[in-house]
Amino acid sequence: MLRYIIRRVLWAIPILIGVSIVSFFIIQLPPGNYLTALMASMRATGESVDMSQLQTLSERYGLDEPMIVQYWKWISGIVLRGDFGQSFLYTRPVSDLLWERLGLTFILAFTSMIFVWLIAFPIGVYSAVRKYSIGDYVMTFVGFIGLATPNFLIALILMYVSFTVFGQSAGGLFSPQYLDAPWSWAKFADMMSKIWIPVVVIGTAGTAALIRIMRANMLDELPKTYVDAARARGLSGAHAVTKYPLRVALNPFVSRIGWELPELISGATITAIVLSLPTTGPLLLEALLAQDMYLAGSFIMMLSVLTVIGTLISDLLLAWLDPRIRQGVVG
Amino acid sequence: MSRARTDPATAEQAAASAALGAPVAPTRVHVAGQWRLMWWKFRKHRLALWSGVLVLLIYVVALFAPFVAPKDPNDYASAYLYAPPMPVEVSLRGPQGEFGLFFKSYELTATTDPLTLEKTYVINRDALVPLGFFAPTEPYSMLGLPMNRVLFGPVNYEQPFYLLGADRLGRDVYSRVIHGTRVSMTVGLVGVLISLVLGIVLGGISGYFGGFVDDAVQRTIEFLKSIPTIPLWMGLAAAIPTVWSPIAVYFMVTVILSLVGWTGLAREVRGRFMALKSEDFVTAARLDGCSEMRIVLRHMVPSFASHIIATLTLAIPTMILAETALSFLGIGLRPPVVSWGVLLQEAQNIRTIATAPWLFAPGVAVVVSVLALNFLGDGLRDAADPYA
């Protein structure tokens, strides 16, 4: 087990480095550099450009030096000092903007994942046990629709329905009175009362996919002879299903979390933009459109880093669940 | 068609009696080629079959978009801002009382509320809009051909015709959705083609040579899969300069989408190569002195081509959804390009969709085509292995 953990953790390191390189690449993509963008934005707002300030910034980010030095200055600042650079859009350090929004993004993705599980698991089993029943067909159909509908479209439709039928807007994550309030139980409860709309939106596609996987897994297991044997021994129908085939079918289901997480984060980003949630999505889009690249690059990097860590944890969990994986027999 | 029709019962009987060792004359099932067997299996999936027909139809519409759409997608009319869909009536009597199939609609008149400036449209029963097939229009060119008729539209071209309502500039939503089919459906095709090249080359190398090369490619794939795609795509797409021509932007967007899209395909190709490498017929070909190139192209590729086609079909919808999402956010394709994602940008505002829910129409088009492609892909995947 220990060897597996060490190998898996070590393997995460090159991925994290790769993620940082890709993010740095994205920061460098727009024409010009941080200074030209900053100057353009300052001119647009009519601020005077202070040459000595620009000089300091240029040195801080190493803008006159080769790319590799710039990368090193950027990444060492993040790793050693937690300095993600400066956002000129908000004239605040990027790290100030980053943490609260990242936290909410992950609360959202995590809640969605639990939602996906709670819904997909029983429905998948039901669809397999009652194969070709009306319920199975309805679930399969709904699942396909869920897969085929883009997240933002579901969000728009939910907004439309809540606006026209209930006369209220579905956007946001907090009621106005809690918007700037410090965290409290009341604020948390308020968030929970609103979070279900984005959770349903983000979770739909994942739920549909997992239902199909769960159903297929169960269908593979159910006709096997050990199930017949269990029945023949006199186990009741429900017992014969839950006792053995369900456990076997659960494994690929668990290993899906690792793949599910990047998708959920993707979904959370775009859904948040449509529903204007105070998560990373809207700010990332805003930063990209304004070419506030340190802000945008940091968001992309931190979203990816947390996804990699989440996948790592899910892999370790899976290894703990399934001895075959830690022995290196499967996967 | 009739020649291909076979009775599954006879086929099974034949197979059963063959297994029993009874001497049977070779039936069609025994002599049919691989592709024929696949077609027979695919045909049994009614849903997949009809989805295939629908997908074909959608691509035909895309090809002949200017002919199918009654109006120019950029024609605007200030009298029809956010006009609702016009009703279409069918009657068996023409204006002079003659028999036949006649379609008609009525013009809409707007009344503006003096207080809220909100427009309400009422059907003007006096202003008839006769509709017809092959209605004449202003001359346009389609695929290089000069044309002056459309499939279905108002008999008098000057008259308005809004089958699915109008947008904020009074442009015809229906015509715009039809024209959007072109870009949205081909983004998937072009993107999948780029992914195919990348996937086959890298997946093939990975699976054929194995060892260090395989490790490197597999780690790259794992790396790409562990990054959340939408933020990555957003970062890349936002860097496309705004001054680029629509065509350049279009190709850049498809390249960006395939940058991630090839991974699934590469895995599939690699898996097939791995499985086939040790097959007897490959060993036989090698012993016969075939070159590596010939082994791959002549012996291995044909046996997994069907799987690749199925995987490709399932990859197209992902591309379509991605393009729609990016364009919707305003960092993919941009107006004046007409794609479903660009059209859905109009529906971003909650007040707008509350007054003009028909702006969801491009979304319906997305869902329908993605569903059809998914069903088709599922059917193809099941049929890809006709011996199973």
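Every chain is numbered from 1, with letters handed out A, B, ... down the list of sequences. Basis for what follows: all heavy atoms, side chains included, without hydrogens, waters or symmetry-related copies.
Within 6.0 Å of the OH atom in A/Tyr71, the count of heavy atoms belonging to other residues, nucleotides or ligands exceeds 12. Under a cut-off of 6.0 angstrom, the local environment of CG in A/Leu10 is crowded, with over 12 non-hydrogen atoms contributed by other residues, nucleotides or ligands. Shown here is B/Trp50, whose CH2 atom has no more than 12 heavy atoms of other residues, nucleotides or ligands within 6.0 Å. Shown here is B/Phe223, whose CZ atom has more than 12 heavy atoms of other residues, nucleotides or ligands within 6.0 Å.
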Handout entry: side-chain contact (heavy atoms from CB on, under 4.5 Å) evaluation trace for A/Met301 with B/Ile227
Key = CA-CA 9 Å; A/Met301 183 172 81; B/Ile227 303 181; over 6 Å; no
Handout entry: Intermediate values then yes/no, side-chain contact (heavy atoms from CB on, under 4.5 Å), B/Val367 and A/Phe144
Key = CA-CA 10 Å; B/Val367 174; A/Phe144 263 117; over 6 Å; no
Problem - Evaluation steps, side-chain contact (heavy atoms from CB on, under 4.5 Å), between A/Thr149 and B/Leu371 - result: CA-CA 9 Å; A/Thr149 317; B/Leu371 263 183; over 6 Å; no
Practice task
Verify side-chain contact (heavy atoms from CB on, under 4.5 Å) between A/Leu289 and B/Ile331, making sure each step is shown before the conclusion.
Solution key: CA-CA 8 Å; A/Leu289 290 178; B/Ile331 48 180; 3.5 Å; yes
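Rounding to the nearest 0.5 Å gives a distance of 4.0 Å between CG of B/Leu329 and CD1 of A/Ile270. To the nearest 0.5 angstrom, B/Met234 atom CE is 4.0 Å from A/Ile273 atom CD1. Atom CZ of A/Phe152 sits about 9.0 Å away from atom CD1 of B/Ile230, to the nearest 0.5 Å. The CD1 atom of A/Ile15 sits 10.0 Å away from atom OG1 of B/Thr220, with the distance rounded to the nearest 0.5 Å. Taken from CG in A/Asn151 to OG1 in B/Thr324, the straight-line distance is 12.0 Å, to the nearest 0.5 Å. Between atom CZ of residue A/Phe25 and atom CG of residue B/Leu236 there is a gap of 7.0 Å, rounded to the nearest 0.5 Å.
In terms of heavy-atom pairs under 4.5 angstrom with chain B, the leader among A/Leu264, A/Thr269, A/Leu147 is A/Thr269. Your options are A/Ile145, A/Val22, A/Val19, A/Leu156, and the one with the most heavy-atom pairs under 4.5 Å with chain B is A/Leu156. Each of B/Val370, B/Asn374, B/Leu232, B/Val368 has some count of heavy-atom pairs under 4.5 Å with chain A, and the biggest count is that of B/Val370.
Remark: the backbone N or O of B/Thr229 is paired with a side-chain donor or acceptor of A/Ser266 at under 3.5 angstrom.
With contacts defined as side-chain heavy-atom distances shorter than 4.5 Å, the pair B/Val366/A/Leu153 does not qualify. When side chains are defined from C-beta on, A/Tyr160 counts as touching B/Pro357, because their heavy atoms get closer than 4.5 Å.
When heavy atoms are compared at a cutoff of 4.5 Å, A/Ile26 approaches chain B solely by way of its side chain, counted from C-beta outward. When heavy atoms are compared at a cutoff of 4.5 Å, A/Val305 does not approach chain B at all.
Nearest heavy-atom pair, B/Pro231 versus A/Leu303, reported as atom, atom and distance to 0.1 Å: CG-CD1, 3.7 Å.
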